[in-house]
Amino acid sequence: MSVAELLALCLALVVGTLVGWVLSRRRGRPATPPAAPPDEAPPTDEASRLRREWKLAHEEKDRAIAGETLCRRIIDTTLDGVAVLDGDCRIERWNPQAAAIFGWDKDEAIGKPLLPLIVAEKSRAELQRVISGRARLSDTPLFSRRNEMLGRRKNGQEFPLEIAVTPLLQPEKGVSYSVFLRDISERKRVERLKNEFVSTVSHELRTPLTAIRGSLRLIAGGFTGELPAKTRTMINIANESCERLVTLVNDILDVEKIESGKVAFNLRLHDAGELAGKAVDATRAFAQPFGVEIRAEAPSGPCLAMMDADRIIQVMTNLISNAVKFSPKGECIRVRVTPRGGRVRVEVADRGPGIPEDFRPRVFQKFAQADASNDRCSQPGTGLGLSICKAIVERLGGSIGFDTAAGRGTTFWFEIPAEELPPAPDEPASSVLIVEDDPASAELIAAGCRSTSMKAEVASTASAARARLSKGSFAALILDLEMSDVSGFSFLREIRADARLRSLPVIVVTTRREDTGRFPAGDDLSSIVDWIQKPIDGSQVQSALRNIAAAGRDPRAGEGPGDAVRNYLRRATAAAAPR
Amino acid sequence: MGTTAENRVLYVEDEANIRAVGLFSLADVGGLTVEPAQSGPEALEKVEAFRPDLILLDVMMPGMDGISTFRALRGREATSRVPVIFMTAKVQPHEVQGYKDLGAIAVIAKPFDPITLADEVRTLAGWQHCP
């Protein structure tokens with residue numbers, strides 16, 4: 001071979017190697033080293049360069065393989081389950097911990113869609129939402145968040161599962177996901193034990209507290225005789241401190257019960273604006289000595305939501321009294337309820353000093369209290385109020401938060417899912433029959449009906465009512481139980497005996513228990529769905545009618561008003577029975 | 001339904017201190033005629049002789065608890081219709097409903113307010129209040 005030919009060969013080899021090297025770098029695969037140059041090649045500069053390139057490429061490949069091996073070893077030995085998914089949520093990688101948690105080994109998992117393999121039916125929609133939510137964030141820096149769901153093993157066993165999903169950006173491959181999986185059964189068990197302990201301790205505390213509180217109140221109230229001045233002072237101190245202790249124990253138990261889901265909420269359709277009005281009324285007296293005014297802004301439209309009225313008023317009252325405590329004298333607090341895109345939003349805004357920067361992350365924690373020097377109330381609260389509010393709002397499917405600016409004030413807000421107003425039915429049966437012999441009451445009830453856009457017809461005697469019922473069809477019957485010509489109960493029995501009318505929802509109107517002597521015992525009262533008490537007030541009628549519409553549609557109405565009425569009447573009939 | 005003659009209360013509470021406070025509250029502050037009992041069995045012994053118009057029954061008692069005592073009372077002809085109010089720290093709405101479904105007329109929460117206890121009892125029982 002001539003020198004020229006040899007040079008050409010070396011050049012070709014070098015160029016070829018370089019090209020191959022560059023190409024394989026771009027593809028991310030370790031470079032495949034070219035075949036070793038023939039030993040017979042004379043040791044020229046080009047040959048040394050070739051050897052160097054070849055050595056570098058080999059080292060590159062070794063590093064890449066070592067890197068991949070290390071990575072896999074780390075993933076395989078993590079304490080958490082790890083899965084890697086492709087853009088369609090199919091499993092590409094599945095580590096031994098994931099296999100241990102779920103019972104699916106690698107061969108059973110790879111290539112399968114993740115969702116049916118790891119979560120119970122009821123959590124699938126939520127997990128899908130989490131993953132889709134992450135995909136939309138693929139333009140932003142990577143982050144992951146833990147979600148708790150109901151997991152399910154291969155053998156069908158369900159257990160509490162914690163999942164963290166992180167989108168992975170691989171330019172050539174598009175979006176894929178790494179999923180960290182943790183079986184948190186043990187953690188949940190320990191939490192439950194802790195909560196039960198807290199609950200037991202608090203119950204034990206209540207017994208001596210009942211006696212202490214009782215005796216102190218009696219003494220301080222003067223019921224055991226006149227007290228010398230110094231004794232009076234000391235007793236008052238003890239009494240006040242005892243009240244705080246009782247409130248504290250109650251709050252601790254309250255929080256634990258709500259957070260552990262043991263509280264049964266009495267969910268009914270309510271207007272948040274009305275409830276806010278009640279909360280404001282309840283706190284006005286509290287605000288007065290602080291010289292703070294509370295202003296409730298009327299909502300722009302109906303703000304209906306399924307909620308437990310007492311608990312929501314509890315939340316609102318808590319937020320308002322906090323605002324009062326931190327408001328300067330002469331300022332005013334604004335309470336606003338607005339519908340906001342499928343949710344009802346309640347805001348309590350004050351013009352106080354704002355929440356200090358370093359306290360903001362702890363606002364909703366238990367027993368966290370900011371610098372008390374700003375708190376104008378002489379007795380600091382239990383430190384649990386906001387954590388209770390958060391627990392309640394979150395159990396109702398909502399969220400809670402605040403906006404604050406130093407020196408300008410703070411607005412606490414919470415939002416809960418709204419309910420649509422039941423559409424005014426335009427079929428013929430959008431009328432309510434009112435059976436009431438007192439014209440004034442009848443008119444009040446009729447006005448209440450009309451305000452829910454239902455038509456109202458009035459019958460003032462049982463026979464007129466029978467005639468109307470046979471001629472038309474009604475969405476509901478409002479029946480006065482105390483009419484003079486016929487007992488409401490016998491009329492009810494008639495209706496129930498009539499197959500056509502048996503399922504007509506009935507709202508009963510009555511006064512107080514004094515008339516229970518007239519209630520017959522043991523009636524089947526199941527058509528009664530609600531109860532309006534005289535004196536009639538339009539909002540009772542509205543809410544009763546709305547509840548009929550809501551209960552008809554939504555099984556979440558839970559313990560319905562009908563149950564309350566039935567039990568009340570059952571008890572009343574038992575009490576009225578002759579001794 | 002209320003007449004001025006109704007004011008006899010059988011008060012069943014196992015904790016001595018609470019019972020003393022309750023007794024003072026119902027009788028001295030509230031003007032009711034009260035007979036205390038410290039357990040379910042003692043209540044059952046005393047009830048027929050005392051002829052209460054109402055029974056205030058603590059739920060958490062060792063041995064025979066409030067519910068069992070209630071059932072025993074209901075099981076006896078002479079006492080089956082005496083109205084009962086339970087006293088308990090457990091006052092979630094669904095728990096209260098549970099007691100009412102059993103047949104109690106009401107539930108009073110503990111810790112109770114000794115100053116207003118008698119008034120509360122009168123209201124719940126539908127008795128007339130003292131002027």
Side-chain angles (χ1 to χ4, degrees), chain A residues 199 202-225 239 242-243 245-247 249-250 253-254 257-258 262-267 308-311 512-517 558-559 563-564 566-568 570-579, chain B residues 1-2 13-30 51 53-54 58 60 74 77-84 87-106 109-118 123-128:
Chain A
S199 180
S202 301
H203 275 299
E204 292 297 319
L205 287 174
R206 267 189 168 155
T207 303
L209 263 182
T210 305
I212 296 174
R213 183 206 202 211
S215 48
L216 278 176
R217 281 184 82 108
L218 285 168
I219 300 173
F223 293 94
T224 56
N239 196 22
C242 185
E243 285 303 314
L245 197 49
V246 168
T247 308
V249 169
N250 286 340
L253 281 173
D254 214 16
K257 267 188 274 213
I258 297 172
K262 283 197 224 129
V263 163
F265 286 125
N266 182 12
L267 292 178
D308 181 317
D310 291 332
R311 290 297 189 174
R512 301 216 31 220
R513 264 184 301 270
E514 283 83 35
D515 286 333
T516 53
E559 182 195 85
D563 300 301
R566 280 193 285 285
N567 287 312
Y568 158 74
R570 206 176 286 143
R571 173 169 44 80
T573 60
R579 300 268 180 94
Chain B
M1 161 138 286
E13 165 63 63
D14 67 298
E15 287 278 339
N17 287 333
I18 300 180
R19 193 171 63 243
V21 171
L23 192 53
F24 187 93
S25 163
L26 292 165
D28 292 64
V29 178
R51 293 170 298 108
D53 300 309
L54 177 122
D58 181 27
M60 298 285 215
R74 277 292 187 267
E77 179 62 34
T79 56
S80 62
R81 278 173 286 251
V82 180
V84 171
M87 295 193 67
T88 176
K90 293 182 186 249
V91 285
Q92 287 299 301
H94 69 278
E95 288 165 323
V96 169
Q97 199 48 56
Y99 293 124
K100 289 187 186 172
D101 284 341
L102 273 179
I105 64 169
K110 279 164 117 177
F112 55 84
D113 181 349
I115 300 179
T116 59
L117 181 63
T123 305
L124 291 168
W127 296 347
Q128 275 190 20

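Values below: every heavy atom of this structure, side chains too, minus hydrogens, waters and symmetry copies. Quick note on labels: first sequence line is chain A, next is B, and so on, each numbered from 1.
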Return yes when atom CG of Asn17(B) has more than 12 non-hydrogen atoms of other residues, nucleotides or ligands closer than 6.0 Å, and no otherwise. no

Minimal heavy-atom distance between Val21(B) and Ala211(A), with the atoms involved, is CG2-O, 3.8 Å

Atom of Pro111(B), atom of Arg206(A) and distance for their closest heavy-atom approach: CD-NE, 4.4 Å

Part of Phe112(B) lying under 4.5 Å from any heavy atom of chain A: both

Search all heavy atoms of Thr207(A) against all heavy atoms of Ile18(B) and return the closest pair with its distance. O-CD1, 3.5 Å

Which value, rounded to the nearest 0.5 Å, describes the distance between Leu218(A) atom CG and Asp113(B) atom CG? 8.5 Å

Flag the pair Phe223(A) / Ile115(B) as yes when at least one side-chain heavy-atom distance between them is below 4.5 Å, and no otherwise. yes

Could you pull out the closest heavy-atom pair between Pro114(B) and Gly214(A), with the gap in Å? CG-O, 3.2 Å

